[in-house]
Amino acid sequence: MDEKEVQKDLADAILSYDSVAAEKAAKAAIKMGMDPLNAIEKGLSPAIEDVGDKFEKMEIYLPELMLAADAMRTAMSLLLPLIPKDKAVSKGTVVIGTVQGDIHEIGKNIVSNMLMASGFNVEDLGVDVKTATFVEEAQKANAKIIGASALMSSTIGSQKDIIDYLTSMKIRKKHAVMVGGGPTTGQWSKEIGADGWGEDAATTVKLANKLIKRK
Amino acid sequence: MSFADRFRVMEPKDFMNDSDRKKIHDAALNVLETTGIKVHSSVARESLKRAGAVVDEDTNVVKCPADLVGALLKKIPSKIVLAGRTEEYDLPLDRRHQYHTTDGCGISVWNDETKTRRKSTLEDIRKTAVLGDWMPYLSIYEPMVVAHDISSKSHVLKGLETAMENTTKHIETESTTTPEEARAQVEMAAAVVGSKDELKERHYLSAMVCTVSPLILDEGATDAAMVWAENHVPVHITGMASMGLTGPATIAGSLVVNHVETMALACAMQAHEPGSPLLYGSVQSSMDPKTGAYNSGSPETILISIGNVEMAKFLDLPCSAGGIGGSSRIPGLRVSIENSVLCSPLITAGSEVMNGIGLADGSTLLSYEQMMLDHEIVGLAINSQKDIEVSDEAISLDLIKKVGIGRNYLSEMHTLKRVREFYLPTLWDMSSFESWVEGGKKDLFAAAGEKAEKIISSHMPEKLDASVSNKLKQIVKDF
Ligand code: B12
């Protein structure tokens, strides 16, 4: 097998939503001494972007997206540790969670998978996440973007809290904040001074792509 | 005819046989015994442990052996009465009546002239309560929106107070997420019926409590459920497992997940307070395969809700499964189509309480126009699910012979009396095209909105006693 074949296996594993095949292909790549960066950039990444495109065009459904993301994660978990720290492989880090007092997680999970599928490194903090935790974790992970989900009119206020907190710590410029979830609107996002609003997973990816390139 | 008689429907029809129901039930028992369910409420966990469940204190996972589940479920009253503020509005849950609630709890209100949304306020709760009080086919009022003009700390209580002031009908609360909120609402309901002891007998308030799918009982809502149980406030156990998302993508599979959650919360309540009333609730749905969105208007949603009714029958419990309330982002045609199709089969199956008059966009957007349309849909649906009376008087053999061949029945006493029983729509009539033109060519939606406004400004709900009003105010103030 040459490098091209293994790269194709990696891509095929993602495109057929197959974690087992992804693991096999990643191991094959490692065994033959392929540069892991090559495995990712020539094998996995184009495939997952393809999946993201198809989803955006509504050619495939959510389960395909989620399974492709799983396959991607499986292969990445084997390849990433072999890459020197100074070589960036992801587009950048997004710290995401559902705000304090709110346990709705479905939309947030979809968004976080779609971001991952599009090449972001995603740290999902889960639900009922305290304002301070969003900020602390974003700093720890050196995340360019914070994503806050809120599904209730009684909890969307916490999205503003995150922004106010960043401002009060004088690090507002360091992290772009994007907000989303049922009761939020573009108008609300402007009102609280967020950097963007994501109506659904596909628009959120576009937004994140824009935010990550900033400054 | 009493108020409840209006909602009497034909005997429920079976959509599943007992052997299939038992398969779902057995699968659920298997899950409850082997996988278990995560219970974040320490009160519920302790009660279940005392009753004999296996509790893992590190993970909060509770496993219940089948015989324990069976023994606890037996304690649930199979027939109860949801009480109105006055007895006139009492609603027996006896498998022969079908009731509808207003939907809760929206966050914005539709303006049809400008086609825009605005934030909901306390005044919207007042207005919908007055309108709901008037509506002949609304049985239960649920505070329909969040009052954004009230502090988030007390908006649930203030909403309940406003509801109690403005309608005599039974009230269901939906947004309670803490035991403290539940306790205060118990005080309020007790103030209306006389005392906490009386509240145990007269179930003037009931509460929707959601499980978290798959297989979780949340902390706040479940703690609140224990307070409801202590005070015999009936709990509508409302699982929401969505096919493909938080439950398997098949109806049978998602029924199992929901059945586990429903039985788990029911068992926790019975372990905590034996004999506390509850309803087998559920508003399950299918996800939109492309976005994961909550798709409350899909055919799968109808089928799975029917399945919920079937499982309630299997346990012989009061049932509040399914509900109307389209997922269309705006009110109007699509919501009305979805609601019309959804309503009747669930009544035929035997759901006793259905959620959902008046909100669009997945229960987030109040429209006064839609409220009127939904009410009409419900009126039509209930009245087309009545028993077909086959008494001698109804057969009217003598009359048929008397009228004989080729004449008509118009000027008969029998007709005069019986024609009164025909259903008359509240929103439209059979007047001519010309009169529609003369009336300004109004479309139904706009006409519905105008009628709603008229009723809200003219209908006078029966007032609460001043001393009760003061008590309610005090409880809300002290919270
Ligand atoms: C499923 C559900 C639940 C489930 C949640 C299960 C789970 N594991 O997440 C359960 C049953 C647990 C639940 C509980 C409650 N719920 Co609830 N729930 C819903 C429901 C029906 C669907 C939400 C959903 O999952 N939608 C599907 C996803 C895919 O859509 P989405 O979340 O909007 O996400 C999309 C976008 O918004 C965006 N997005 C999402 N997050 C993010 C984040 C970022 C950064 C970006 C950019 C974009 C983005 O992309 C997503 C993909 O397209 C909604 C009704 C509705 N129509 O939304 C009510 C709803 C949100 N719930 C409501 C209520 C009241 C409650 C409870 C208080 C009810 C109770 N009595 O117990 C509790 C609250 C508990 C708590 N403290 O949080 C209300 C809120 C009303 C309000 N005041 O605002 C709603 C609107 C229903 C209603 N009308 O009553 N709920």
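Quick note on labels: first sequence line is chain A, next is B, and so on, each numbered from 1. Scope of the values below: all heavy atoms of this structure, side chains included, with no hydrogens, waters or symmetry mates. Keep in mind that this is a model prediction, so the values were computed, not measured.
Within a 6.0 Å sphere centred on CD of Glu57(B), heavy atoms belonging to other residues, nucleotides or ligands number more than 12. Within 6.0 Å of atom NZ in Lys54(A), more than 12 heavy atoms from other residues, nucleotides or ligands are found, so the atom counts as buried in its surroundings. Other residues, nucleotides and ligands place no more than 12 heavy atoms under 6.0 Å from the NZ atom of Lys477(B).
Tyr61(A) and Lys290(B) make their closest contact through CE2-CE, 3.1 Å (heavy atoms, listed as atom of the first residue, atom of the second, distance). Scanning all heavy atoms of the two residues, the minimum distance from Met287(B) to Leu62(A) falls at SD-CD1, 4.1 Å. Of all the heavy atoms in Gly292(B) and Ile110(A), the pair that sits closest is CA-CD1, 4.1 Å. The two residues Pro289(B) and Pro63(A) come nearest to each other via the heavy atoms O-CD, 4.2 Å.
Of the atoms belonging to Asp218(B), it is side-chain heavy atoms, and not backbone ones, that fall under 4.5 Å from chain A. No part of Ser242(B) comes within reach of chain A, as not one of its non-hydrogen atoms sits under 4.5 angstrom from that chain. Interface remark: Ile103(A) contributes side-chain atoms only to the contact with chain B (heavy atom separation under 4.5 Å).
Taken to the nearest 0.5 Å, the NZ atom of Lys119(B) stands 8.5 Å off from the OG atom of Ser153(A).
Two residues are said to be in side-chain contact when any heavy atoms from C-beta on lie closer than 4.5 Å; Val146(B) and Met152(A) fail this criterion.
By number of non-hydrogen pairs under 4.5 angstrom with chain A, the leading residue of Asp288(B), Thr291(B), Thr364(B) is Thr291(B).
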